[in-house]
Amino acid sequence: IALGYVGWYITVKCNARARADMILALLLVAGAVVFFTLFEQAGSSMNLFADRNTQLPEGFTAAQTQSFNAGFILLFAPVFAALWAWLGSRNLDPNPTLKFGLGIIQVGVGFFMLVIGAQFADGQFQVPIIFLILLYMFHTTGELFLSPVGLSAISKLSVYKVLSTMMAIWFLSSAWAQYIGGIIAGMTETESVAGSALSNEAALNASLDVFWILGWIGVGIGVLLSLGSFVLKHMAHGAFTEKTPEELAEQAAAASKPAE
């Protein structure tokens with residue numbers, strides 16, 4: 001319903017400039033769905049992989065691998081904050097669409113770490129934990145590219161009259177991603193008894209088949225979005241640059257003009 005309403009508003013109520021801004025905002029929402037569909041495998045298929053097919057240290061559980069993301073956030077967040085500030089002061093800060101694309105590429109590359117790690121699996125079909133750590137590192141850096149700019153980009157691109165609806169759609173993207181991610185996680189399941197796989201080899205192969213596909217989906221969509229960002233950024237009509245109060249008032253007046 002929300003998407004239908006926004007689609008109607010874009011078609012009927014927006015002028016050409018506002019329509020382009022809104023379409024770009026929806027493209028970013030779609031990008032967020034792709035990213036979080038892959039990223040949220042952490043709590044399902046990746047957790048099962050950690051339990052069944054990862055060489056965990058003594059006393060270390062699969063559930064504890066979930067802390068890798070939080071640890072990398074604490075480690076890298078100050079670095080990325082300083083990096084974006086440094087690039088911004090030199091007008092070199094990548095536009096949000098490019099950041100989205102690069103973030104999606106990294107979440108895809110993360111899955112390839114486990115595919116590579118499978119080449120070093122032991123006789124129990126378990127891969128060294130370093131490859132799971134590398135996966136979480138790439139997923140975290142991808143998250144730091146995408147998440148901080150997502151809501152800001154939506155608020156800058158959306159027409160004021162439907163701003164709250166667009167923000168709701170942005171948050172709904174996580175729900176859509178969780179639903180799709182659950183379906184994908186189910187594809188990694190193998191025969192089990194009381195939650196334990198009957199064959200670690202079958203569990204490894206099932207997971208790798210899915211992770212290989214997810215990796216290419218992430219890299220492929222990320223590359224397309226990154227390359228397209230150099231064209232798509234012009235749809236924003238300068239929305240991502242800092243504006244004076246007078247420029248914001250002019251933008252609001254332009255958005256309220258009758259549709260062309």
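These numbers come from the heavy atoms of this one structure, side chains and all, not from hydrogens, waters or symmetry mates. If you're wondering where the values come from, they're calculated on a predicted model, not measured in any experiment.
Every side-chain contact (heavy atoms from CB on, under 4.5 Å) that S155 has, sequence neighbours left out, goes to L163, M167. Listed by chain and number, the residues in a ring-ring contact (aromatic ring centres under 6.0 Å, His included) with W170 amount to none (sequence neighbours excluded). Taking P78 as the reference, nothing meets the side-chain contact (heavy atoms from CB on, under 4.5 Å) condition, with sequence neighbours excluded. For F35, the ring-ring contact (aromatic ring centres under 6.0 Å, His included) partners are F39, not counting sequence neighbours. By the side-chain contact (heavy atoms from CB on, under 4.5 Å) test, A206 pairs with T190, sequence neighbours left out. Listed by chain and residue number, nothing satisfies the side-chain contact (heavy atoms from CB on, under 4.5 Å) test with L74 (two or more places apart in sequence, or in another chain).
Closest non-hydrogen pair, C14 versus A18, comes out as CB-CB, 4.0 Å. Here the closest heavy-atom approach between residue I104 and residue G31 is recorded as CD1-O, 3.6 Å. Between A77 and L144 the shortest heavy-atom distance is N-CD1, 4.0 Å. In terms of heavy-atom proximity, L157 sits nearest to D21 at O-CB, 3.2 Å. The two residues T61 and L56 have their closest heavy-atom pair at C-CD1, 3.8 Å. What you find for I154 and A25 is that their closest heavy atoms are CD1-O, 3.5 Å.
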Run the numbers on M22 and V162 for side-chain contact (heavy atoms from CB on, under 4.5 Å), then give the verdict. CA-CA 10 Å; M22 292 285 287; V162 292; 3.5 Å; yes
Might you work through the side-chain contact (heavy atoms from CB on, under 4.5 Å) test for L27 and F100, ending with a clear yes or no? CA-CA 10 Å; L27 285 175; F100 265 65; over 6 Å; no
Set out, in order, the CA-CA distance, both residues' side-chain angles and the distance that settles side-chain contact (heavy atoms from CB on, under 4.5 Å) for T97 and F230, then state yes or no. CA-CA 8 Å; T97 309; F230 298 101; over 6 Å; no
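Separating the CG atom in L24 from the NZ atom in K156 is a distance of 12.5 Å, to the nearest 0.5 Å. One finds the OG1 atom of T188 at 11.5 Å from the CG atom of L204 (value rounded to the nearest 0.5 Å). Note: I105 CD1 to T141 OG1 = 11.5 Å, rounded to the nearest 0.5 Å. The line from CG of L83 to CZ of F76 is 12.0 Å long, rounded to the nearest 0.5 Å. With values rounded to the nearest 0.5 angstrom, L134 atom CG is found 11.0 Å from H139 atom NE2. Put simply, OG1 on T65 and CD1 on I129 are 7.0 Å apart, with the number rounded to the nearest 0.5 Å.
Applying the salt bridge (Lys or Arg N to Asp or Glu O under 4.0 Å) rule to pairs touching residues 93-112 yields D93-K99, sequence neighbours excluded. Counting only residues at least two apart or in different chains, side chain to side chain donor-acceptor pair (under 3.5 Å) contacts with residues 218-231 are absent.
At a threshold of 4.5 Å between side-chain heavy atoms, the hydrophobic network of Ile, Leu, Val, Met, Phe, Trp and Tyr places V149 and F171 in one connected group. Residues L28 and V231 are members of separate hydrophobic clusters, defined by side-chain heavy-atom contacts under 4.5 angstrom among Ile, Leu, Val, Met, Phe, Trp and Tyr. A chain of hydrophobic side-chain contacts below 4.5 Å, direct or via other Ile, Leu, Val, Met, Phe, Trp or Tyr residues, connects V12 to M166. W8 is connected to I169 through a chain of hydrophobic side-chain contacts under 4.5 Å among Ile, Leu, Val, Met, Phe, Trp and Tyr, so both are in one cluster.
Within the 3.5 Å criterion, the main-chain N or O of T37 finds no donor-acceptor partner in the side chain of Q178. In this structure, T54 contributes its side chain and F49 its backbone to a donor-acceptor pair below 3.5 Å. Side-chain atoms of N205 come within 3.5 Å of backbone atoms of E201 as a donor-acceptor pair (strictly under, hydrogens ignored).
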Report, one line per pair, each donor and acceptor closer than 3.5 Å where one atom sits in a side chain of residues 107-123; sequence neighbours left out.
residue, atom, partner, partner atom, Å
D122, OD1, Q124, N, 2.9
D122, OD1, F125, N, 3.2
D122, OD1, Q126, N, 3.0
D122, OD2, Q55, NE2, 3.3

Would you tabulate the side-chain donor-acceptor contacts of residues 207-225 under 3.5 Å, counting partners in other chains and residues two or more places apart, or write 'none'?
residue, atom, partner, partner atom, Å
S207, OG, A203, O, 3.1

Throw together a table of side-chain donor-acceptor distances under 3.5 angstrom for residues 66-73, partners on residues two or more places apart or in other chains.
residue, atom, partner, partner atom, Å
Q66, NE2, A42, O, 2.7
Q66, NE2, Y136, OH, 3.3
S67, OG, Q64, O, 2.6
N69, ND2, T140, OG1, 2.9
N69, ND2, E143, OE1, 3.3

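Taking the side chain as every heavy atom from C-beta outward, L98 and L232 never approach each other to under 4.5 Å. Looking at heavy atoms from C-beta onward, Y5 lies out of side-chain contact with I10 at the 4.5 angstrom threshold. Using a 4.5 Å heavy-atom cutoff, the side chains of N53 and N200 are in contact.
Residues W84 and F145 bring their aromatic ring centres within 6.0 Å.
Sparse packing is recorded around OH of Y179, with 12 or fewer heavy atoms of other residues, nucleotides or ligands lying under 6.0 Å away.
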